[in-house]
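Ligands are counted one by one from 1 in listed order, and the atoms in each one are counted from 1 as well. These numbers come from the heavy atoms of this one structure, side chains and all, not from hydrogens, waters or symmetry mates. On a predicted model such as this, the values are computed, not experimentally measured, just so you know.
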Amino acid sequence: MGRLCTHSLVLAIPGRLDVMPLELSIEPGQRWGVLGPNGAGKTTLLHTLAGLLSPRQGRVTLNGKPLKAWRRRSLARELGILFQQPQDGYPASVMESVLIGRHPYLTFFQQESAEDIERAQQAMERLDIAHLDARLVSTLSGGERQRVAIATLLTQSPALWLVDEPTNHLDLHHRVAVMRLLSEQAEQGRAVVMCLHDLNLAARWCDHLLLLYPNGEACWGPAKDMLVTGALERLYNQRLSVGDIDGARVFMPRA
Ligand SMILES: Nc1ncnc2c1ncn2[C@@H]1O[C@H](COP(=O)(O)OP(=O)(O)OP(=O)(O)O)[C@@H](O)[C@H]1O
């Protein structure tokens with residue numbers, strides 16, 4: 001179970017004082033998209049939801065318990081984060097990197113078991129990087145590194161996935177594959193919160209949306225209620241053309 005709630009949460013964004021408190025309730029099985037222009041606070045929100053940043057005001061609870069009351073290792077079994085910036089500053093192979101996902105389940109001196117290795121192999125196959133298992137992560141392309149980071153999260157298998165721009169660097173095929181994977185996680189009862197820049201991915205794959213405006217305003221709710229052209233144009237300060245393709249709403253920026 002991964003039920004994450006925010007209570008009068010105000011993000012600590014430097015210089016932004018007039019910010020609407022967030023009262024979010026992210027339930028197991030839901031796919032939340034976080035939308036907003038550059039600098040709106042999407043990454044700050046994700047890091048605050050993960051307990052990596054303190055809010056200016058309010059609190060976050062996971063399964064009813066304040067994040068601060070969780071022990072870090074227990075929290076890492078419940079909640080996983082995909083960072084926008086790669087976190088691979090040390091030399092490691094793809095396999096070693098993906099196995100890090102099992103660390104919350106191991107004691108300090110414990111070796112990974114055959115089952116841990118099997119999970120990592122399955123995750124690498126799912127992300128189409130099994131053939132790269134012995135390669136140093138530092139030698140990979142941007143899209144390959146992104147798939148390693150997602151495979152690590154899949155190996156970790158948390159109840160709540162916090163993913164910052166999961167389709168960064170990915171080609172069209174892998175973009176869809178990753179959105180399918182996130183959807184499946186939700187179908188299996190996990191909760192997924194994803195920061196997205198692509199409105200059409202959000203419209204296609206998210207059932208709930210949070211719109212973060214750069215002036216501190218915010219609105220959230222079921223995706224069908226949030227995908228209002230005027231509100232999105234104001235969000236991005238960009239005129240949009242709207243159409244329907246195969247039953248899905250599609251947004252195109254007007255030139
Ligand atoms: N350590 C810091 N010092 C000063 N300002 C900061 C700091 N960290 C973040 N900010 C500012 O907080 C605001 C929100 O940043 P954040 O990274 O959350 O935005 P974002 O919506 O994720 O943007 P993007 O779409 O560009 O990734 C930005 O204006 C950023 O410059």
Side-chain angles (χ1 to χ4, degrees), residues 4-24 26 30-60 62 67-68 79-89 142-143 145-150 153 160-171 174-175 178-179 182 191-206 208-221 223 226-228 231-240 251-253:
L4 190 78
C5 296
T6 67
H7 309 267
S8 305
L9 185 77
V10 174
L11 301 176
I13 296 179
R16 198 176 301 164
L17 299 176
D18 193 15
V19 182
M20 184 184 285
L22 300 175
E23 305 285 353
L24 304 174
I26 297 161
Q30 291 182 342
R31 286 164 289 156
W32 280 76
V34 182
L35 300 179
N38 291 142
K42 302 179 294 298
T43 296
T44 305
L45 170 71
L46 225 57
H47 289 194
T48 307
L49 296 182
L52 301 173
L53 274 182
S54 296
R56 178 171 299 146
Q57 178 196 303
R59 64 199 179 102
V60 181
L62 178 63
L67 276 191
K68 282 192 167 168
L79 177 157
I81 183 164
L82 174 75
F83 292 97
Q84 189 184 123
Q85 307 292 347
Q87 304 288 306
D88 46 300
R145 276 188 201 207
Q146 181 75 344
R147 277 146 52 209
V148 170
I150 296 168
L153 201 50
L160 177 73
W161 289 48
L162 302 173
V163 290
D164 203 347
E165 300 184 29
T167 58
N168 246 357
H169 301 292
L170 298 185
D171 60 50
H174 287 110
R175 205 176 283 193
V178 162
M179 295 310 286
L182 295 175
V192 182
V193 181
M194 49 190 128
C195 298
L196 294 169
H197 275 300
D198 187 328
L199 205 42
N200 293 318
L201 286 183
R204 168 71 183 82
W205 297 98
C206 295
H208 286 74
L209 292 175
L210 165 64
L211 275 45
L212 288 179
Y213 289 83
N215 65 357
E217 276 179 60
C219 57
W220 58 89
M226 295 294 116
L227 291 170
V228 175
L232 296 172
E233 287 182 331
R234 193 166 72 78
L235 183 70
Y236 292 110
N237 188 26
Q238 171 64 47
R239 300 293 307 277
L240 296 167
F251 299 89
M252 282 290 290

Query - Under-4.0 Å heavy-atom contact between protein and atom 9 (C) of ligand 1 - result: no

Report task. May I ask whether atom 31 (O) of ligand 1 is less than 4.0 Å from at least one protein heavy atom? Result -> no

**Report entry** Minimum heavy-atom distance between Gly41 and Ile13, given as atom pair plus value
**Finding:** CA-CD1, 3.7 Å

Report task. Below 4.0 angstrom from a heavy atom of Glu165, which ligand 1 atoms are there? Numbered from 1 as shown, please. Result -> 27 (O)

Query raised in the report: Under a heavy-atom criterion of less than 4.0 Å, does Pro14 contact ligand 1?
Result: yes

Query raised in the report: From atom 17 (O) of ligand 1, is the closest protein heavy-atom distance below 4.0 Å?
Result: yes

Query raised in the report: Would you say atom 1 (N) of ligand 1 touches the protein, meaning some protein heavy atom is under 4.0 Å from it?
Result: no

Query raised in the report: Protein heavy-atom contact under 4.0 Å for atom 4 (C) of ligand 1?
Result: yes

**Report entry** Closest non-hydrogen atom pair between Leu232 and Leu240, with its separation
**Finding:** CB-CD1, 3.8 Å

Query raised in the report: Does Gln84 have a non-hydrogen atom less than 4.0 Å from ligand 1?
Result: yes

Query raised in the report: Which one holds for Pro37 and ligand 1: side chain close, backbone close, both close, or neither close, with close meaning a heavy atom under 4.0 Å?
Result: backbone

Query - Polar contact flag, side-chain donor to acceptor under 3.5 angstrom, Glu23-Thr6 - result: no

Query raised in the report: Any sub-3.5 Å donor-acceptor pair from Gln146's side-chain atoms to Glu165's backbone N or O?
Result: yes

Query - Check against side chain to side chain contact (heavy atoms under 4.5 Å, CB included), Phe83 and Ile81 - result: CA-CA 6 Å; Phe83 292 97; Ile81 183 164; 3.6 Å; yes

Query - Positive for side chain to side chain contact (heavy atoms under 4.5 Å, CB included) with Leu67, one of Leu52, Leu62, Leu49, Thr48 - result: Leu62

Query raised in the report: Mind checking whether Gly39 has an N or O less than 3.5 Å away from an N or O of ligand 1?
Result: yes

Query raised in the report: Where the side chain of Arg56 meets the backbone of Arg16, is there a donor-acceptor pair that is under 3.5 Å apart?
Result: yes

Query - Arg59 (side chain) donor-acceptor with His7 (main chain) under 3.5 angstrom - result: no

Query raised in the report: Tell me: protein heavy atom nearest atom 12 (O) of ligand 1, and distance?
Result: Ile13 CG2, 3.5 Å

Query raised in the report: Considering only protein heavy atoms, which is closest to atom 25 (O) of ligand 1, and at what distance to one decimal place?
Result: Lys42 NZ, 2.7 Å

**Report entry** Shortest reach to atom 24 (P) of ligand 1 by a heavy atom, considering only Asn38, Asn168, Thr48
**Finding:** Asn38

Query raised in the report: Is the backbone of Gly36 close enough, under 3.5 Å, to the side chain of Lys42 for a donor and an acceptor to pair up by distance?
Result: yes

Query - Check: Leu211 and Met226 side chains under 4.5 Å, non-hydrogen atoms - result: yes

**Report entry** For His197, the ligand 1 atoms whose distance to one of its heavy atoms is below 4.0 Å
**Finding:** 25 (O)

Query raised in the report: With atoms numbered from 1 as shown, which atoms in ligand 1 lie under 4.0 angstrom from a non-hydrogen atom of Thr44?
Result: 14 (C), 15 (O), 16 (P), 18 (O)

**Report entry** Check: Ala40 N/O within less than 3.5 Å of ligand 1 N/O
**Finding:** yes

